[in-house]
Amino acid sequence: MIFSGERIRQAREITGLTQIELAEAVGVNQSTIARLESDGFDEPENAYLQAIALRTTFPLTFFKQGRPPEFALGSLLFRKRKSLDRDDKARIRQTARLAFELVEKLARSRQPDIQVKRFPTKIDPVKAAIVTRDNLGLSPDTPVYRLMRTLEKNGVLVLSLPVAIPKYDAFSLWSDGEPRQPLIVLSANKPGDRVRFSLSHELAHLLMHHPVTVGSAVVEEEANHFAAEFLLPAEAMKRELLLPITLTHLAQLKARWGVSMQALIMRALALNLITVRQTKRLFMMLSAKGWRTAEPVSIPAEKPRRLRKLAEAIYGPAPEIQELASLVHAPAKLVRQIVDCHAGRDDFPSSSRTTPTPPPRGPVPSKVIDFQARRYGRRSK
Amino acid sequence: MVDKSPDALHAPEDDATATRTLLWPLLALLYQGIEQAIEKVRTHFSDHVLMYSPYAFSNLVRCHLHDFLGPAKAGALGFKVWRLPLDGIELDYKGCWIKAWKGDDELPPPRSGTNEEYCYQPSLFPLGAPGAPPRRLVVTWELNGDMSLKALFLICPKWDGAEDVHWIVDIPHPATTMSGGEHFASSDDLDDETQSQTGTKGQ
């Protein structure tokens, strides 16, 4: 096996170390680490690799297995620098690359059945959303249920990562090699409505955008337009977003369409159903209740399935983490964290199809107001 | 030792929360109706550049609320609604007679009319007690400075010469009790196509 310095870079970036920090741990200077990370050099002395392994917690064998699979930055290229810095992007990309490598090894070179196709020419995002709904077998004007599973069944590989980086929700790319597989990589533990919007947004990038010449602002705007039309079709919204729009109304629509109240407000504005002034007013009403940061109406979040499905097919219903970790020579702890972000067979009890959990009934507990303390002396008889 | 005297069993706090829970389906509907009515009236005042009139505003809110609580909703939930003089509203639901008023700094408005005085002398028999007269309650709404709905309260009023309420409890926004359906979560597994990727197909 040919040594690849890219493995050192991958381990370092997943661990969140700078070249200087790693150099200090190994006892060399930063330029040596930079040189080691460049491909085309001979394998370094074992002592160096052992020190790197110790600091990054990756096994020594990880650094001796050759170059990792090609893995583009994809839609991470569209992200503005201020929203996600270079180190965060590197950490997300390299962790996703490791998860992708695990899937590739589990799939054993069998080809996925890819149904989603990139639009061959530039297309209006609204039209693209309408066509995509049709291509995925979805009705043109009803809520999209189980969006993640729909995408997975159509050949999109969805991965979820145990990285908690603010302002990072998801990115997407087409894998190298043939056939090129569409990938969406999510950050775990996000609310269901946010995951659904992220999936739709990234689907737009996959179907419409090449990570080349287009300015990021335009591309992001197009992806948002696509996601809005895909999740909240204009014709349906004109029927359902009736004036006056109230918070209760928005909450009911959120429960029905699986999209945040704030996205619904923006959709109403985009469709000219409300004015800019009304939009500001609705946002102020959300703020007054503290709902800009923590909206009510919880939408269940889907977990991607394919990674664990592949593992279960080979190792049985409860794959040993050590066995999975040994496939990619990665720390078992990291592999466990990745695997835990994905749905296992036990996440689909047969009972869930017949007895869905009922929504909570009755008011939430709250305290009876101590009126007497306030009352005395206010109103004279 | 647990105090099981009748007074302890019907302490204001227990009574307030038990009553609110009992009436919740109607209270959630009232919240929605009052919220919508206030938005309509606020828009009316704004569009016509009218100077704010608390009297007109409250009466118009009750007009719209009465429209909102139409026969279909009354039939479905099992309540009766009466329109009283001066756009007043009274609802009959699960043994309670409930009025809807604009609040006065989170308290019921001052007793100024015969109807209000009558309302301030409610029965305090335990809820659902056989032969007990209807419980008289009030739902009040509070506005923010920009005429949006601030909060709703359920009040058991009284008039014994000192205090105006037995208890007052907030009515939570209905959105805080809603949840998205399970249909958004995946209850189905990937199909057998995945098996083919693992090398089982055609072997």
Side-chain angles (χ1 to χ4, degrees), chain A residues 106-108 110-113 145-146 148-149 152-153 192-193 196 244 246-252 254-255 258 281 284-285 288-289 296-303 305-306 309-310 313-314 343 345 348 352-353 356-357 359-366 368-369 371-372 374-375 378-379 381, chain B residues 12-13 16-17 20-21 24-25 27-28 31-32 35-36 38-40 42-43 104-107 110 144 146 148-150 153 155 161-165 167-191 193-201:
Chain A
L106 288 168
R108 294 177 175 172
R110 297 286 170 145
Q111 306 300 344
D113 183 15
Y145 299 141
R146 304 180 182 94
M148 190 180 292
R149 198 64 76 247
E152 285 187 303
K153 286 183 175 178
D193 49 299
R196 288 164 52 77
T246 63
L247 296 186
T248 305
H249 191 192
L250 290 170
Q252 288 168 336
K254 178 178 178 179
R281 182 178 167 75
M284 280 169 62
M285 289 161 73
K289 294 198 172 295
V297 190
S298 150
I299 304 294
E302 285 182 274
K303 278 183 173 181
R305 173 71 176 124
R306 191 166 301 280
K309 177 89 178 178
L310 289 167
I314 297 170
R345 196 166 74 168
F348 310 103
S352 70
R353 287 170 206 157
T357 310
R361 299 174 69 88
V364 293
S366 66
V368 175
I369 295 159
F371 66 90
Q372 288 184 331
R374 290 188 316 195
R375 185 63 166 176
R378 203 198 78 168
R379 201 181 277 160
K381 288 194 56 69
Chain B
E13 188 162 339
T17 49
R20 188 181 58 177
T21 303
W24 176 245
L27 296 178
Y31 206 120
Q32 187 182 354
E35 190 182 40
Q36 191 180 100
I38 286 171
E39 275 308 296
K40 283 183 175 174
R42 190 196 57 75
T43 307
D104 180 12
D105 194 14
E106 300 188 5
L107 288 167
N144 289 309
D146 64 350
S148 60
L149 178 58
K150 182 181 178 185
F153 295 96
I155 297 171
E163 298 300 330
D164 285 350
V165 292
W167 49 254
I168 174 170
V169 62
D170 70 308
I171 301 172
H173 196 290
T176 59
T177 65
M178 294 180 198
S179 68
E182 288 297 308
H183 40 253
F184 290 114
S186 296
S187 57
D188 58 332
D189 203 348
L190 288 176
D191 51 32
E193 282 179 66
T194 311
Q195 292 285 333
S196 69
Q197 293 175 37
T198 64
T200 58
K201 190 177 180 182

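Atom set for the values below is all heavy atoms of this structure, side chains included, hydrogens, waters and symmetry mates excluded. So that the names make sense, note that chain A is the first sequence line, chain B the second, and so on, each numbered from 1.
- For B:H183, the parts lying near chain A are the backbone and the side chain together; criterion is any non-hydrogen pair under 4.5 Å.
- The closest side-chain donor-acceptor pair between B:Q32 and A:T248, if any, does not fall under 3.5 angstrom.
- By the salt bridge (charged side-chain N to carboxylate O under 4.0 Å, His left out) test, B:E39 is found to be paired with A:R281, B:R42, residues two or more places apart in sequence or in another chain being considered.
- Between the side chains of A:H249 and B:Q36, no donor-acceptor pair is found at a separation under 3.5 Å.
- Only the side chain of A:K289 comes within contact range of chain B, with at least one heavy atom under 4.5 Å from a heavy atom of that chain.
- Contact check on B:D189 versus A:K309 returns a salt bridge, with a Lys/Arg side-chain nitrogen under 4.0 Å from an Asp/Glu carboxylate oxygen.
- Taking both residues in full, the closest heavy atoms of A:A251 and A:V297 are given as CB-CG2, 3.7 Å, listed atom of the first, atom of the second, then distance.
- If you tally non-hydrogen atom pairs under 4.5 Å between each of A:M284, A:M285, A:R146, A:K303 and chain B, the highest count goes to A:R146.
- Taking chain B as the reference chain and counting heavy-atom pairs below 4.5 Å, the highest number among A:A288, A:P300, A:A301, A:A343 is found for A:P300.
- Of the listed residues (B:L149, B:D146, B:T43, B:I171), the one with the most heavy-atom contacts under 4.5 Å to chain A is B:D146.
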